[in-house]
Amino acid sequence: MISKENKEIKIVHSSGNSVVINKLGATITSFKDAHQKEHLFLSNKLIPGKAIRGGIPIAFPVFGKPPTSGAYSDLPQHGYARISEWTYDETPVMDNDDGVSVRFILDSPPKLPPARLVYTVTLTAHQLTSTLHVKNTSSTDVLPFQALLHTYYAGNPNEVGVKGLNGVRYSDKTTGGETRIESNDVVYANKNTDSVYMNTTDEIHLTNGIKIRKHNLPDTVIWNPSEGAKSMADMHEGGWNEFICVEPGHVRDFYDLVPGKEWIGFQVITI
Ligand code: BG6
């Protein structure tokens, strides 16, 4: 079942799972299982019109600060996708016992390399799939982009960690991007953590049983600013003790999409 209220689209699967997506950024803000347990973190202190602090915002076409020169240099951190109002495409995609699926569309703002983004969100009995399609709508120029699904999982960062990163190289943004090699079997973000793991496996497990499968998103960012979040206007007191961000993306470099072609990246979250 699909329902719409103001800027929010809610989808409910016959299993009892549900998802809410806000047209601002096509940000998934809630993913509840059949027992009404919430799997995504959302701040209680959202600032209207600003990127949504929590859920699954989309970073596109840049990850983090934009390059200092070139077509994207004036973009805000993480680009325009998460602060733009997407169009909800009401053409039914799927709504039956197999799954419920909705689609959102966003065209790049004027004066930037032209792109059309299509984002589909599909809910089944045990899985939430979010798929980003990027189409280069130029017939002459390459479209460079980074893309990332900035997923905030609900849970105490002392308890919910990420498995499978031992031995993987990462760039530690808390120390200016130093490259290190992970040496822990489970990575927790229970202190100031901002790590860009490179070329991670396409299946990642959290210690709470959640499984993430990703495609065309080779990198994985683990982030939690810990008490550094006190200076964030949109984070409630203590909010940093309620999540771990595990963010699949193509962020180590820019992907160059040739004119007229499409790129697809997705993640499947299995609960
Ligand atoms: C992470 C980045 O993906 O997002 C961090 O690696 C950044 O460096 C964090 O601080 C949050 O960004 P923002 O713009 O939502 O505060």
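Please read all numbers here as calculations on a predicted model, not as lab measurements. Each ligand, and each atom within it, is numbered from 1 in the order the structure gives.
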Next on the checklist: Out of all atoms in ligand 1, which are within 4.0 Å of some heavy atom of Arg82? Include the element for each.
Outcome noted: 13 (P), 14 (O), 15 (O)
Checklist entry - Can you check ring-ring contact (aromatic ring centres under 6.0 Å, His included) on Trp223 and His150, steps first, answer last? => result CA-CA 9 Å; Trp223 177 72; His150 199 305; 5.6 Å; yes
Checklist entry - Ser73 side chain to Gly70 main-chain N or O, any donor-acceptor pair under 3.5 Å? => result yes
Checklist entry - For ligand 1, which atoms, with element, lie under 4.0 Å from some heavy atom of His150? => result 1 (C), 3 (O), 4 (O), 9 (C), 11 (C)
Checklist outcome for this item: For Val221, the atoms of ligand 1 under 4.0 Å from one of its heavy atoms are 6 (O)
Checklist entry - Does any donor atom in the side chain of Glu159 or Thr207 lie under 3.5 Å from an acceptor atom in the other side chain? => result no
Next on the checklist: Measuring from atom 8 (O) of ligand 1, which candidate in Asp194, Val251, Ile222 has the nearest non-hydrogen atom?
Outcome noted: Asp194
Checklist outcome for this item: Quick note on ligand 1: atoms under 4.0 Å from a heavy atom of Glu247 include exactly 1 (C), 3 (O)
Item to check | Neighbour count >12 (heavy atoms, 6.0 Å) for atom NZ, Lys45 | outcome: yes
Checklist entry - Considering only the protein, which heavy-atom contact is closest to atom 9 (C) of ligand 1, and what is its distance? => result Trp223 CE2, 3.4 Å
Next on the checklist: Strictly below 4.0 Å, N to O, side chains only: are Asp107 and Arg116 in salt-bridge contact?
Outcome noted: yes
Checklist outcome for this item: Closest to atom 16 (O) of ligand 1 among protein heavy atoms sits Arg53 NH2, 3.0 Å
Item to check | Full working for ring-ring contact (aromatic ring centres under 6.0 Å, His included) between Phe60 and Phe145 | outcome: CA-CA 7 Å; Phe60 180 93; Phe145 69 86; 5.4 Å; yes
